[in-house]
Amino acid sequence: MRAGAPAGALPRAGLGDEWSGLALGRGLDRMLMLLKDIRDIRVLRSPDPSVAAQLADLAPYRPVSAMPAIRRDLSVAVDGTDRAEDLGDRVREALGSDADCVETVEILAQTPVADLPPQARHRLGARPDQKNVLVKVVLRRLDRTLTDPEANALRDRIHAAVRQGTGGSPVS
């Protein structure tokens, strides 16, 4: 009998001492773990919304950090047709190997430049065909807590990649 098996489990099933056993699950949980490359079955029962959201499709699982998140908000002028996906693509491209620190990029508000006060249009360096977006960026590393200077440096790189106006500075 293999080490760690409950004493007498196989004999209680009517099998003699010459038998050994290994339990292999082939249920839906195990199939999902294989498809998403999840190493620990406890992940499937996690109450964390960041984990639960990843279990709704068959995309590869991305480990969720237990480190504290850092939020940075940016107010920028972008093309009138830009979507959250476009901004996310620019963020990942600009950060390169640091892109894994970005947990989410979300547009909180959008305002056509024509609806902005003149001072805001000037501050953003916005053109009439653009819009002002308030973007929420959540940063979090898997292995350690980001320091404020590290988070601010990432925010500045994101701001430079996302903004398409001639002015503006990041808002924290």
Side-chain angles (χ1 to χ4, degrees), residues 1-76 78 81-110 133-162 170-172:
M1 191 178 305
R2 74 178 171 81
L10 294 176
R12 283 196 314 266
L15 300 172
D17 289 338
E18 71 276 8
W19 290 91
S20 63
L22 173 65
L24 293 174
R26 290 191 296 167
L28 293 176
D29 287 350
R30 296 288 180 192
M31 288 177 65
L32 182 63
M33 289 175 66
L34 290 170
L35 286 169
K36 295 183 76 64
D37 196 26
I38 296 173
R39 307 272 185 223
D40 186 343
I41 197 166
R42 293 174 295 181
V43 169
L44 301 180
R45 308 291 182 267
S46 174
D48 187 325
S50 299
V51 173
Q54 293 190 62
L55 299 178
D57 60 33
L58 295 178
Y61 176 72
R62 183 171 177 225
V64 175
S65 177
M67 299 298 142
I70 297 177
R71 174 180 170 164
R72 294 294 186 258
D73 293 338
L74 308 168
S75 177
V76 294
V78 299
T81 58
D82 274 351
R83 301 166 303 161
E85 294 82 17
D86 301 322
L87 302 181
D89 289 345
R90 289 203 292 268
V91 167
R92 282 187 292 284
E93 185 176 317
L95 294 184
S97 64
D98 291 329
D100 62 348
C101 293
V102 178
E103 191 167 283
T104 60
V105 175
E106 179 184 349
I107 295 177
L108 299 178
Q110 302 183 56
V133 293
L134 176 59
V135 180
K136 176 177 92 171
V137 178
V138 177
L139 305 167
R140 184 185 331 228
R141 286 186 53 122
L142 287 173
D143 58 340
R144 65 179 178 80
T145 301
L146 283 168
T147 65
D148 276 335
E150 288 172 323
N152 290 340
L154 290 169
R155 178 214 46 215
D156 292 347
R157 289 169 57 194
I158 292 168
H159 181 264
V162 170
V171 176
S172 290

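- Of all heavy-atom pairs between Asp40 and Met33, the closest is C-CE, 3.8 Å.
- Dense packing is recorded around CZ of Arg144, with more than 12 heavy atoms of other residues, nucleotides or ligands lying under 6.0 Å away.
- Legend: residues meeting side-chain contact (heavy atoms from CB on, under 4.5 Å) with Leu35, ordered by chain and number and at least two apart, are Leu58.
- The side-chain heavy atoms of Arg30 and Ile41, taken from C-beta on, include a pair separated by under 4.5 Å.
- Taking each heavy atom of Leu95 and Arg157 in turn, the nearest pair found is O-NH2, 3.1 Å.
- You'll find the side chain of Val78 reaches within 4.5 Å of the side chain of Leu87, heavy atoms only.
- Applying side chain to side chain contact (heavy atoms under 4.5 Å, CB included) to Val105 and the options Val135, Ile158, Leu74, Val162 leaves one that passes, Val135.
- Atom CZ of Arg71 is separated from atom CD of Glu103 by 12.5 Å, given to the nearest 0.5 angstrom.
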| message | Run Ile107 and Leu134 through side-chain contact (heavy atoms from CB on, under 4.5 Å) and show every step you take. | response | CA-CA 6 Å; Ile107 295 177; Leu134 176 59; over 6 Å; no
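- Taking all atoms of both residues into account, the shortest heavy-atom contact from Cys101 to Leu154 is CB-CD1, 4.2 Å.
- Side-chain contact between Pro68 and Arg140: absent, with no pair of heavy atoms (C-beta onward) separated by less than 4.5 Å.
- Between Val64 and Leu142, the closest heavy-atom pair is C-CD2, 3.8 Å.
- Separation of atoms CG (Asn152) and NE2 (His159) is listed at 13.0 Å; rounding is to 0.5 Å.
- Looking only at distances, a side-chain donor or acceptor of Glu150 sits under 3.5 Å from a matching main-chain atom of Thr147.
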| field | Pair Asp82-Val133, side-chain contact (heavy atoms from CB on, under 4.5 Å): steps then yes or no | value | CA-CA 10 Å; Asp82 274 351; Val133 293; over 6 Å; no
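- When atom types are taken as modelled, the side chain of Thr104 and the backbone of Glu106 share no donor-acceptor pair closer than 3.5 angstrom.
- Taking every heavy atom of both residues into account, Val137 and Leu139 meet most closely at CG1-CD2, 3.7 Å.
- Atom CG of Leu108 sits about 10.0 Å away from atom CD of Gln110, to the nearest 0.5 Å.
- At least one side-chain heavy atom of Lys36 sits under 4.5 Å from a side-chain heavy atom of Asp57.
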| task | Start with the C-alpha gap between Arg72 and Asp148, add the side-chain angles, then the distance that decides, and say whether salt bridge (Lys or Arg N to Asp or Glu O under 4.0 Å) holds. | result | CA-CA 10 Å; Arg72 294 294 186 258; Asp148 276 335; 3.3 Å; yes
| message | Assess the residue pair Asp29 and Arg45 against the criterion (salt bridge (Lys or Arg N to Asp or Glu O under 4.0 Å)); give the C-alpha distance rounded to whole Å, side-chain angles, the decisive distance to 0.1 Å, and a yes or no. | response | CA-CA 10 Å; Asp29 287 350; Arg45 308 291 182 267; 2.4 Å; yes
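- Residue Ala69 comes nearest to Val138 through the heavy atom pair CB-CG1, 3.7 Å, listed as atom of the first residue, atom of the second, then distance.
- Residues satisfying the salt bridge (charged side-chain N to carboxylate O under 4.0 Å, His left out) test with Arg92, not counting sequence neighbours, are Asp89.
- Ile38 has its side chain within reach of Leu55: a pair of non-hydrogen atoms, C-beta onward, lies under 4.5 Å apart.
- Looking at Asp100 and Arg62, no side-chain N of the basic residue comes within less than 4.0 Å of a carboxylate O on the acidic one, giving no salt bridge.
- Using a 4.0 Å cut-off between charged nitrogen and carboxylate oxygen, Asp98 and Arg141 do not count as a salt-bridge pair.
- By the 6.0 Å contact criterion, CD on Glu93 is open, its count of non-hydrogen atoms from other residues, nucleotides or ligands being 12 or less.
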